S.K.: 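Handing you a structure now.
When reading the values below, keep in mind they use all heavy atoms of this one structure, side chains included, and skip hydrogens, waters and symmetry mates. The structure displayed is predicted, hence computed values, not measured ones. Heads up: numbering here begins at 1 and tracks the sequence.
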Amino acid sequence: MKNQIDRLSELPDPILDHILSFIPMKQILQLSILSKRWQNVWTLLPIPEFEQHLFTNNLRKVPPNEKQEEFQRKKQEFKNFVQRYLLGHYRQRLSINKFRLHMMLDDESDCALLNRWIDYAIECNVKELNLDVWIDQKRYELPKKKYELPERVLVAKSITELKLCKCKLKSFYSDINLPSLKKLVLGINVEDQIVPDLIAGCRDIEEMTFECCYGLKSLQVSGLPKLKAIELVENPELESVEIEASNLESLVFKLTRPCQINLGRCENLNKLLLYSCSITDKWLHDVLSKHPLIDCLDLRCCSMLKRIKIASHRMRSLAFISCYELVEIDIVTPNLHRLEYDGYFISFSSNTSSLSEVSIRFTDEDVSDVEKIEFLANLSHPKLLNWETFNIEFSYGNPVDKLKDPSCCKLIPILCWRHCLKAIKIENLRGSIEEDALKKYFSDNAEILESFHYLKGSVLPEV
């Protein structure tokens with residue numbers, strides 16, 4: 001044992017670099033205290049994320065009167081750790097692909113230190129810059145003080161992905177130019193004028209997300225030929241949005257207040273998610289008419305919708321969740337594969353033949369299982385049905401001859417489930433089930449039904 005050689009430490013730097021690249025940062029910290037050899041190697045690793053809590057969270061065994069002092073000591077260790085890493089790369093002119101920092105700033109000296117770190121990262125041609133930083137409000141007399149992003153970030157030619165959280169963008173930045181930026185994520189305080197300047201300086205951007213951006217009151221997006229996805233999530237002061245992007249494919253709105261939404265030319269839009277949006281039946285109809293390529297529509301908590309009519313050969317996925325003013329849904333979507341509904345028991349009719357996934361949950365407590373199945377009867381061929389109380393699996397056989405002008409499926413070009421449903425398997429998840437009533441319903445309505453199998457006592461899996 002005494003004569004054993006540490007062969008791992010004798011490996012060349014490139015091999016050690018490769019080995020350590022698979023190890024989480026927490027373990028790298030432990031390795032760094034083993035020897036000077038390891039200390040020299042880890043500073044050159046492509047460590048993507050620096051999180052203060054890895055240093056400061058484990059203080060449970062520290063006496064209460066010593067916790068603040070120990071917290072500051074651990075935080076200083078963290079700052080030294082980041083400083084050594086960035087300085088090592090800067091001095092040797094090594095590239096940094098990704099730099100993510102999650103840190104609380106205590107005072108102006110911390111802000112100055114962060115500015116220095118950002119300079120190091122930019123000098124090392126950082127590609128992905130992700131800053132989640134905030135100022136300790138207890139140490140400042142002025143409330144809600146935010147770290148102000150240095151102007152140099154907004155003219156960095158190497159940055160391809162920029163994520164900013166909890167800091168602030170001011171309106172007096174000079175020429176913004178991020179020629180390589182592909183993805184922008186903002187969760188910050190902004191002054192209204194900075195947003196159009198920022199958009200104008202990111203001509204090749206492909207994805208944009210604005211989440212919890214205080215100060216953002218209006219958003220106009222145009223002149224971005226490569227833009228494919230926009231997400232607007234819980235921006236509390238947002239009042240109006242205008243979007244014109246010819247190659248936009250995905251649009252997500254999650255709002256906290258009424259907001260005027262105007263969609264111009266977005267010819268390639270195929271995914272639309274609207275959450276808590278004050279949209280009307282007419283608005284939705286107009287949008288679907290002008291954007292016929294939409295194949296995924298998700299409507300959640302849209303309280304002004306009452307009667308929805310959708311006719312689309314391209315629609316593949318539909319969701320209606322917690323839109324509690326809805327009284328009627330009528331869909332003609334022959335290629336629909338997925339349908340999800342969560343709300344009151346309402347009038348529902350459909351013309352669809354390709355359903356493979358159906359999830360239904362009724363808010364009404366007094367809706368019977370037979371009524372649920374009658375709701376299902378307006379769908380054509382769901383293979384799997386998920387209710388809030390049970391799962392149903394369907395198996396189909398060769399249909400019987402279609403009757404002359406049968407009332408059940410006279411409006412669709414194929415035979416409905418009544419003519420080809422061969423076997424049913426029900427798995428109870430929770431609550432009770434009207435087994436006899438369901439057996440009678442299917443016996444009366446399914447013409448070639450051969451088996452009805454019910455599994456009792458199943459339990460919902462833990463999430």
Side-chain angles (χ1 to χ4, degrees), residues 6 8-9 11 13 16-124 126 128-140 145-150 153 163-167:
D6 182 4
L8 189 60
S9 292
L11 292 173
D13 282 359
L16 276 179
D17 187 348
H18 181 71
I19 293 173
L20 292 178
S21 67
F22 294 98
I23 300 177
M25 191 181 82
K26 187 174 182 179
Q27 277 66 52
I28 291 177
L29 294 176
Q30 296 169 348
L31 289 171
S32 67
I33 65 174
L34 293 179
S35 68
K36 292 183 179 180
R37 171 82 167 113
W38 288 98
Q39 291 176 3
N40 292 334
V41 172
W42 77 260
T43 58
L44 306 181
L45 288 175
I47 301 175
E49 299 185 356
F50 296 90
E51 301 187 12
Q52 178 184 309
H53 70 85
L54 293 179
F55 286 75
T56 59
N57 274 6
N58 191 19
L59 300 176
R60 287 176 296 178
K61 297 182 180 179
V62 178
N65 60 331
E66 299 177 12
K67 277 192 175 182
Q68 183 59 32
E69 182 179 349
E70 181 65 11
F71 176 85
Q72 291 301 325
R73 188 183 71 80
K74 292 287 187 181
K75 185 175 179 182
Q76 187 60 48
E77 286 183 6
F78 171 72
K79 291 190 285 188
N80 294 340
F81 178 78
V82 180
Q83 174 74 11
R84 288 170 59 196
Y85 172 82
L86 291 173
L87 191 57
H89 278 66
Y90 171 73
R91 286 175 174 172
Q92 299 192 46
R93 290 297 187 265
L94 298 175
S95 295
I96 297 177
N97 287 327
K98 181 177 181 179
F99 177 53
R100 178 185 184 272
L101 179 69
H102 184 275
M103 176 183 176
M104 181 177 70
L105 308 176
D106 285 339
D107 48 36
E108 293 292 350
S109 65
D110 277 357
C111 296
L113 181 61
L114 177 52
N115 289 343
R116 191 186 318 144
W117 290 348
I118 291 174
D119 285 343
Y120 290 154
I122 292 175
E123 287 294 328
C124 293
V126 64
E128 298 181 26
L129 182 61
N130 184 338
L131 300 178
D132 186 353
V133 295
W134 66 101
I135 292 178
D136 183 3
Q137 300 297 323
K138 296 179 182 178
R139 293 177 174 266
Y140 279 86
K145 183 175 178 63
K146 300 289 182 180
Y147 169 74
E148 295 181 351
L149 191 75
V153 173
K163 295 183 180 181
L164 304 174
C165 184
K166 301 185 182 72
C167 54

S.K.: Mind checking the CD-NZ spacing from Q52 to K79? Nearest 0.5 Å is all I need.
M.R.: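 Output value for this atom pair is 8.5 Å.
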
S.K.: Name the orientation class of the two ring planes belonging to Y90 and Y120 (parallel below 30°, tilted from 30 to 60°, perpendicular beyond 60°).
M.R.: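 Ring orientation, 0 to 90° scale: tilted.
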
S.K.: Do K98 and E49 have side chains that approach each other closer than 4.5 Å (heavy atoms only, starting at C-beta)?
M.R.: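 Heavy-atom side-chain distance check passes, below 4.5 Å.
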
S.K.: Is it true that F50 and F99 have ring centroids separated by less than 6.0 Å?
M.R.: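 For F50 and F99, the ring centres are under 6.0 Å apart.
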
S.K.: Check the pair R73, E77 against salt bridge (Lys or Arg N to Asp or Glu O under 4.0 Å), reporting the backbone distance first and the verdict last.
M.R.: CA-CA 6 Å; R73 188 183 71 80; E77 286 183 6; 2.7 Å; yes

S.K.: Taking the side chain from D107 and the backbone from D110, do they hold a donor-acceptor pair closer than 3.5 Å?
M.R.: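 A pair under 3.5 Å: yes.
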
S.K.: Scan Q68, E69, Q76 and name whichever one has a side-chain contact (heavy atoms from CB on, under 4.5 Å) with Q72.
M.R.: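 Among Q68, E69, Q76, the one meeting side-chain contact (heavy atoms from CB on, under 4.5 Å) with Q72 is Q68.
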
S.K.: So which atom in Y147 and which in I135 form the shortest heavy-atom distance, rounded to 0.1 Å?
M.R.: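 Heavy atoms of Y147 and I135 come nearest at N-CD1, 3.6 Å.
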
S.K.: Please report the C-alpha distance between R100 and E51 in whole Å, then the side-chain angles of each, then the deciding distance to 0.1 Å, and finally whether the side chain to side chain contact (heavy atoms under 4.5 Å, CB included) criterion is met.
M.R.: CA-CA 8 Å; R100 178 185 184 272; E51 301 187 12; 3.2 Å; yes

S.K.: Can a donor-acceptor pair be found, under 3.5 Å and without considering hydrogens, that links the side chain of K75 to the backbone of M104?
M.R.: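 Looks like yes, one N/O pair under 3.5 Å.
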
S.K.: Just so I know, are the side chains of Y85 and V82 near enough to count as touching, which here means a heavy-atom distance under 4.5 Å?
M.R.: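 Y85 does not reach V82 side chain to side chain.
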
S.K.: Who are the side-chain hydrogen bond (donor to acceptor under 3.5 Å, both in side chains) partners of K166, not counting sequence neighbours?
M.R.: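 In terms of side-chain hydrogen bond (donor to acceptor under 3.5 Å, both in side chains), with neighbours along the sequence ignored, K166 is linked to D132.
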
S.K.: In Å and rounded to the nearest 0.5 Å, what is the CG to NZ distance from L101 to K163?
M.R.: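 It comes to 14.5 Å.
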
S.K.: Where do L113 and Q83 land on the side chain to side chain contact (heavy atoms under 4.5 Å, CB included) test, with the steps shown first?
M.R.: CA-CA 9 Å; L113 181 61; Q83 174 74 11; 3.7 Å; yes

S.K.: Tell me the closest heavy-atom pair linking S95 and H89, and the distance in Å.
M.R.: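 Result for this residue pair: O-CD2, 3.7 Å.
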
S.K.: Going by salt bridge (charged side-chain N to carboxylate O under 4.0 Å, His left out), name the pairs with one or both residues in residues 111-120, residues two or more places apart or in two chains.
M.R.: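 Only D119-R152 qualify under salt bridge (charged side-chain N to carboxylate O under 4.0 Å, His left out).
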
S.K.: Could you state the interatomic distance from CG (L105) to SG (C111), rounded to the nearest 0.5 Å?
M.R.: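 If I round to the nearest 0.5 Å, the distance is 5.0 Å.
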
S.K.: Identify the two heavy atoms, one from F78 and one from H102, that lie closest to each other, and give their separation to 0.1 Å.
M.R.: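 Nearest heavy atoms, F78 then H102: CZ-O, 4.3 Å.
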
